[in-house]
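Computed from a predicted structure; not experimentally measured. In what follows, every chain begins at residue 1, and chains take the letters A, B, ... in the order their sequences are listed.
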Amino acid sequence: SANADAHLAAAHRLYESGAAYYCDLSPDEVQARAKELGITGYDGYSRDRGLEPAPGRVLRFRVPDGETVVDDAVRGEVRFDNSTIEDFVLLRGNGTPVFLLANVVDDAEMGITDVVRAEEHLPNTPKQQMLWEALGLSTPRWGHVPVLVNEQRKKLSKRRDQVALESYRDDGILADAMVNYLMTLGWTPPGAEEAGSEIMGWPEMEAAFRLEDVNTSPAFFDVKKLVAFNKTYIREMPADEYLARAAAELPAEWDRDRFAAIAPHLQERLERFSDVPGSVDFLFLPDGVDPEIDDTSWGKATSPEWAGPLLGQLREAYSDLADGAWTADDLKSTMERVMSGYEEKPGKELKLGKAQAFCRVAVTGRSVGPPLFESLEVLGREATLSRIDRALTLLDHSERQD
RNA sequence: GCCCCCAUCGUCUAGUGGCCUAGGACACCACCCUUUCAAGGUGGCGGCACGGGUUCGAAUCCCGUUGGGGGUGCCA
């Protein structure tokens, strides 16, 4: 590495001081001895042989007797019996330093005072601490935080799991929401319980955070909860900021003004920005192209006897509407007027929620989506009527087959 | 094999000996509200891994068991 000279110099100092010694055993020979002795690892064979540096010989650290106590900010004192730590290699047979040594030397040189990392590094910490001490340096403050695990309770891995922050951003997860969620793993924002919410801004969290308060057990990364946080953050975005971010998800050919008209109605129900196109696609179909109709939604919406007649009547009423009256308010009151002639069941009043179902499916193809009358206003009269006509034709067909 | 870490609702957690009949968040369920969905409101379901101690008293302290994870290279 770039700092190889410093690494070598440190190794040399360790050798000169007697904290390290050379050994001429090959890996195979080490293993053979271990097998013979019924132990694992290196047995300290060359400790007192006084070997000089030479090609092919490795420099090993002379692990002292006693125990090494790692004072960890998260876990307290963790004790390691030095007899369980073998005399590990510092310099390879080809003279190059191993990572462990390079790491310590680089950290010391950079003036690192706090080493905060995942708990998987805890078992290597006594070796590093011994190195810091043998080099005459005061050890940094350690803090080993728990790892994140998947549903199998295994450490998150790049191969198996979605761990790249960028991929969540690309999915439409807001950075603030991600940060907020991540902070709740292993730590609870103060006041969260009283507030009944774990949603908290970075400045407050940063001010309240203490490494000592982080808990010690691994946490499952729950995308559902992340999305719930994201939803809250989206809802609380300033309108213009939200619009710009949402519009960025749209295909280039979709009309931005048209989207701007419906976007506010989407804001409070959006889970992640990648869902934007799929929620409003029915507004951007080329002329003459009808939305694909979801079978389940269709089945539900057309099952009441009155569904067809009501939609037929609504179609006539909408076609009679004055041009200036093609607004959500007028579209709604027109629907209310038409539906007043129907009953859900004999003796049971028909409510708007039920009455609008077939129209929604006819126009959007689905049973869920942005508010209906606002959608119709944006869609316009021509497309609305033609989609209703198509639905009525479809219904007619299926009834004749029955 | 050896070493280290961990163990409270499905998940993330609060809890550091009495305030715990174990609190909150997310999810889930029900009801209310309602222009579907969402939001909001109300309520519900659901947990201290097990066994021994210590103590007047244990989720909390100690020991053990079990379970899970990680480390263990002349890799970085």
For [N], what is the paired nucleotide under Watson-Crick or G-U wobble rules, both distances under 3.5 Å?
| N | result |
| --- | --- |
| rC2(B) | rG71(B) |
| rC19(B) | none |
| rU65(B) | rA49(B) |
| rA27(B) | none |

With the side chain of [X] defined as its heavy atoms from C-beta on, choose the nearest nucleotide among [options].
| X | options | value |
| --- | --- | --- |
| N215(A) | rU13(B), rC4(B), rA39(B) | rU13(B) |
| L122(A) | rA39(B), rC12(B), rC5(B) | rC5(B) |
| E268(A) | rA38(B), rG40(B), rA27(B) | rA38(B) |

Requested in this report: Verify the ring-centre separation between Y168(A) and F221(A): is it less than 6.0 angstrom?
Outcome: yes
Note to self: Suppose we call two aromatic rings close when their centres sit under 6.0 Å apart. Are Y15(A) and Y22(A) close by that rule?
What the structure shows: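 They qualify: ring centres under 6.0 Å apart.
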Per the atom types in the model, does the base of [N] pair as donor or acceptor with the side chain of [X] at under 3.5 Å?
| X | N | result |
| --- | --- | --- |
| R269(A) | rU36(B) | yes |
| K225(A) | rA25(B) | yes |
| E120(A) | rG69(B) | no |

Whole-Å gap separating [atom2] ([N]) and [atom1] ([X]):
| X | N | atom1 | atom2 | answer |
| --- | --- | --- | --- | --- |
| Y21(A) | rC74(B) | OH | C1' | 14 Å |
| K224(A) | rA25(B) | NZ | P | 17 Å |
| W187(A) | rU11(B) | CH2 | C1' | 19 Å |
| F229(A) | rA25(B) | CZ | C1' | 7 Å |
| E194(A) | rG15(B) | CD | C1' | 13 Å |
| Q356(A) | rU36(B) | CD | P | 6 Å |
| K127(A) | rC3(B) | NZ | C1' | 10 Å |
| Q152(A) | rG69(B) | CD | C1' | 13 Å |

In residues 199-210 of chain A, what donor-acceptor pairs under 3.5 Å come from side-chain atoms, sequence neighbours left out?
{"residue": "E204(A)", "atom": "OE1", "partner": "G201(A)", "partner atom": "N", "Å": "3.4"}
{"residue": "R210(A)", "atom": "NE", "partner": "D213(A)", "partner atom": "OD2", "Å": "3.0"}
{"residue": "R210(A)", "atom": "NH2", "partner": "D213(A)", "partner atom": "OD1", "Å": "2.7"}

What distance, rounded to whole Å, do you find between the two [atom1] atoms, one in [N] and one in [M]?
| N | M | atom1 | result |
| --- | --- | --- | --- |
| rG69(B) | rC37(B) | C1' | 41 Å |
| rA59(B) | rU66(B) | P | 24 Å |
| rG73(B) | rG52(B) | P | 40 Å |

Does a side-chain N or O of R92(A) approach OP1 or OP2 of rC75(B) to a distance below 4.0 Å, or not?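 Checking R92(A) against rC75(B): at least one side-chain N or O falls below 4.0 Å of OP1 or OP2.
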### Query
Given rU34(B), is OP1 or OP2 found less than 4.0 Å from the side-chain N or O atoms of K351(A)?
no
The answer to which of F373(A) and A219(A) contacts RNA chain B further toward the 5' end, by nearest nucleotide, is A219(A)
Comparing F80(A) with L226(A), nearest RNA chain B nucleotide closer to 5' gives the residue F80(A)
Select base, sugar-phosphate, or nothing to describe what G41(A) touches, counting heavy atoms under 4.0 Å on all strands.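 Contact class for G41(A): none.
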* So, is the end of the K332(A) side chain (NZ or CZ) under 6.0 Å from the ring centre of F373(A) and within 45° of the ring's axis? -> no
| request: Can you label the angle between the W254(A) ring and the F284(A) ring as parallel, tilted or perpendicular, going by 30° and 60°? | output: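 Ring orientation of W254(A) relative to F284(A): parallel.
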More than 12 foreign heavy atoms under 6.0 Å from CD of E212(A): is that the case here?
->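 Yes - once you tally the heavy atoms of other residues, nucleotides and ligands closer than 6.0 Å, there are more than 12.
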